[in-house]
Amino acid sequence: MIQSIDYYAVAPLLVLVLTAGAVLLLDAFLPRRPYARPLLGAVTLTGVLGALGVVAAQAVRDGGPMRTFCVPAGLPGPARAGIGALDIGTLGSGPGGPGGAASALCSFVVDDFTLVFAGLALAAGVVVVLLSMAELSAGDVPVGEWYFLLLCTLVGAVALPASRDLVMLVVALELVSLPVFALTALRRYDGRSSEAAVKLFLVSVVSTAVMLFGVSLLYGMTGTVYLDRLAQVLRGPVAEPMAVPGPDAYASALRITYDLPPVLIVAVVLVIAGFGFKVAAVPFHAWAGDVYQGAPIPVAALLSVISKAAGFAGLILILVAALRGQIAVWAPLVAIIAALTMTVGNLLALRQRHAVRLLAWSSVAQSGYILAPLGVRDDEAVSASIAYLVFYAAMNLGAFAVVMLVSRRGARSGLDDYRGLAFRNPAAGLALAFFLICLAGLPPGLAGLFAKVVVFRELVDGGGAWLALVMAANTVVGLYYYVAWAARIFTPVPVTEGAGAPATAGGAPAGAGVPSAAGEVPAGAGVPSAVGGRAGGGGAGWVPVGVAIVLAGVVAVVFSIAPQVVLDLLPEGLIASG
C-alpha cells in the first residue's frame, strides 16, 4: 500500500528537520572561529521562525483540516476487537483522506488544535533559542549538538498535537523527551547537571513504560490504534445496530452486547499516570525541583513550557478524542489529581529560597490549574485548559529569561540575590516583577487574572464547584511567594555592612552591583557579561536574553490588554476526527 503525503501539512516538521541537518553539517565543517557559535544560533533561530511562519500560513488558509498518512477506505480491519464484534465500515462523515473518502483514518491531522499547540511550541522555541545563545556563549557546551537536540525536541512538540493514532502519539512524545536528557547533561563537568539528567531519564523511562502498558491494553481491547476508531469502539454498549434505509446505508459499526470490561479502567489509569509524569502532576512530581535546578536555565524553560505543552496535548488527545465516552471514569480522577497538584506545588514553592526551584514548584502548581478544567464534564473545558497554557507560557518564559539574565554573574540564583534589582537594573527588575504579578493573577498582570477567571468559569459551569474552591485557596497561597519575590526586587539594599548587608569577596556591600556567586559585585560592574561567572566576554551573552525578555514582555502585555486574543484562537470543535 502506498500512501500519498500532503507535504504542506508536514511543512513545519520538514523545515525543522532540514534546519537540524544543516546545523550538524555546519558544525562539522565550519572552522573553529568566533563567528561559528552565533552563526549556528542564527541558523537555528531562522529555522524555528520559518516553521512558525508556515504554521501561521496554515492557520489563515481557507478550508477544513489537512490530513495525511491515511489508511484508504475499505481496507480490511480486525474482524473482532477484544471487547466485542467490530464491523469495519464507514465510521464517519465528511472529508477523509487524500482521496476524499469519508471513512479514511489518518495518522496526521492539522486542525485548530494542532495549530494552536504547534504555534505555542514554536513561539516558545524562539525564546529558548535566544536563551541558548547566551548559555552557549561561554564555550563550555558543544553548540552543534545543543541546537540539533533542541530542534529535535521541537519536531516532536509540533508532531504530537497532529498525531491521531497511538503509535505516532507515543513516538512524538518520546521525540520530545529523549533529546532533553542529553541537553540537561551537555555541561559535561557539572555534577548537578549530570544528576538532573539521570533523574529525568529514569523518571521518563518509567512514565513511558507505564503509558505503553496502558496503550497496549487499549489496543488489545479495541484492535485499533486510531483515536477516532477507539472512540467509536469505546462509545458504549448498544442493544441493536441502527439501521438506515436505503441501498447505500450502513449499520452501526458497533455490535457490542455486554458491558465494557473492567480492564478499561486500568488502561485509563495507566495512561493518565504516564502523562502525569510528563507534566509533573502529583503524585508524579518529585523529579521537578532537582531537575529544573540542575539543568541549564534554557532547558528548564523548555521543560516548563514546551515539554509541558506536549504532555498536555497528548493527554487531551487521549482523553477527549479517544476516551470521551469514558469521561465518567477519568474525569473524577483528573479532578483529584488537579487538586493535589496545585496544592502540593504551591506548598512546596512556599519553602523555596532558590529562584529556579521556586519556578519549578510553581510550574507544578500551574499544571494543576491547567488540569482542572479537564476534571469537569464540559465540552468547552479543553479550550479553558489550552487558554491557560498559552497565558502561562508567556509569563513563565519571561520569568526564566530574567532569572537567566541575573544569573549571568551568579551561580547561586537565590531569592536574596534579587533584592534591590529594580535599582541596579530597572528594566530587568520591572520585567520580572510584572511576570511574577502576572503569574499571581494580580493587576496590572491581567493576563494571569484572566487565565484564572476562564478556568474558574469552566469549573463552576461544569459542576466542579469544590475544585473551584480548591483553586481559589491555592491562588491565595500562590500570591504569597510571588508577591514576596516581587517585594524583594523593590527592597533597597543597605549600603553599609554595619546595617547587616552581606559583603562581597572584594569587600563591597551587597546590592551595589549585579549578583555574583559571592553576593553582589561592586557598583560599576555594569551589565552582566556575556558568559556569566564562568568566563569573561562582551555583550553577546546578555543581548539575546534581553531580546527574549522583550518578546515575552510584549506578549504578556498584549495578553493583559486584550486577553480575548487568546480565546479567539480557540474556536469550538478544536479536535477534528482523524
Pairwise side-chain contact, I336 with L340, heavy-atom cut-off 4.5 Å (strictly under): yes

Residue pair F117 / L160, side-chain heavy-atom distance below 4.5 Å: no

Any donor-acceptor N/O pair, S193 side chain to R187 backbone, under 3.5 Å: no

Distance, nearest 0.5 Å, that separates CG of L359 from CG of L303: 13.0 Å

Smallest separation among heavy atoms of L405 and V545, with atom names: CB-CG1, 3.8 Å

Distance in Å, T44 OG1 paired with L39 CG, rounded so as to fall on 0.5 Å steps: 9.0 Å

Reported CG-to-CE distance for the pair L173 and M211, which is rounded to 0.5 angstrom: 4.5 Å

Donor-acceptor contact below 3.5 Å, side chain N474 vs main chain T343: yes

Side-chain donor or acceptor of K308 paired with backbone N/O of V279 under 3.5 Å: yes

Atom CZ of F423 with >12 non-hydrogen neighbours under 6.0 angstrom: yes

S137 side chain vs A134 backbone, donor-acceptor pair below 3.5 Å: yes

Full working for salt bridge (charged side-chain N to carboxylate O under 4.0 Å, His left out) between D417 and R488: CA-CA 9 Å; D417 292 335; R488 281 182 170 88; over 6 Å; no

Any donor-acceptor N/O pair, S177 side chain to E174 backbone, under 3.5 Å: no

side-chain contact (heavy atoms from CB on, under 4.5 Å) assessment of E135 paired with W146: CA-CA 10 Å; E135 179 69 26; W146 178 286; 4.1 Å; yes

V15 versus G50, closest heavy-atom pair with distance: CG1-C, 4.2 Å

N/O donor-acceptor pair under 3.5 Å between T184 side chain and A295 backbone: no

P179 side chain near F148 side chain, heavy-atom distance below 4.5 Å: no

Side chain proximity check, L358 to W485, heavy atoms < 4.5 angstrom: yes

Rounded distance (nearest 0.5 Å) linking atom CG of L178 with atom CG of L183: 11.5 Å

A428 versus V402, closest heavy-atom pair with distance: O-CG1, 3.7 Å

Passing option when F181 is tested against V198, L200, L186 for side chain to side chain contact (heavy atoms under 4.5 Å, CB included): L200

Distance, nearest 0.5 Å, that separates CD1 of I489 from CZ of R424: 10.0 Å

Check: Y369 and V455 side chains under 4.5 Å, non-hydrogen atoms: no

V206 vs F284, side-chain contact (heavy atoms from CB on, under 4.5 Å): CA-CA, chis, key distance, verdict: CA-CA 10 Å; V206 171; F284 318 108; over 6 Å; no

Donor-acceptor pairs under 3.5 angstrom involving side-chain atoms of residues 394-401: please list them, not counting sequence neighbours.
unit_1, atom_1, unit_2, atom_2, d
N396, ND2, S304, OG, 3.1
N396, ND2, Y392, OH, 3.2

Close side-chain approach of L136 and Y147, heavy atoms under 4.5 Å: yes

A124 versus V305, closest heavy-atom pair with distance: CB-CG1, 3.7 Å

For A118 against V158, the heavy-atom pair lying closest together: CB-CG1, 4.0 Å

Point-to-point distance, once rounded to the nearest 0.5 Å, from CG of L430 to CD1 of I549: 11.5 Å

Polar contact flag, side-chain donor to acceptor under 3.5 angstrom, K452-T475: no

Under 3.5 Å: donor-acceptor pair, side chain of T491, backbone of R419: no

Residue pair C438, F559: steps toward the side-chain contact (heavy atoms from CB on, under 4.5 Å) verdict: CA-CA 10 Å; C438 282; F559 287 169; over 6 Å; no

Electrostatic pair D416:R353 at N-O distance under 4.0 angstrom: no

Atom of S560, atom of F434 and distance for their closest heavy-atom approach: OG-CZ, 3.9 Å

Polar contact flag, side-chain donor to acceptor under 3.5 angstrom, N346-Y481: yes

Min side-chain heavy-atom separation F391-P563 under 4.5 Å: yes

Student check: side-chain heavy atoms of V364 and L348 closer than 4.5 Å: no

Working for side-chain contact (heavy atoms from CB on, under 4.5 Å), residues M471 and L459: CA-CA 10 Å; M471 182 176 176; L459 293 180; 4.1 Å; yes

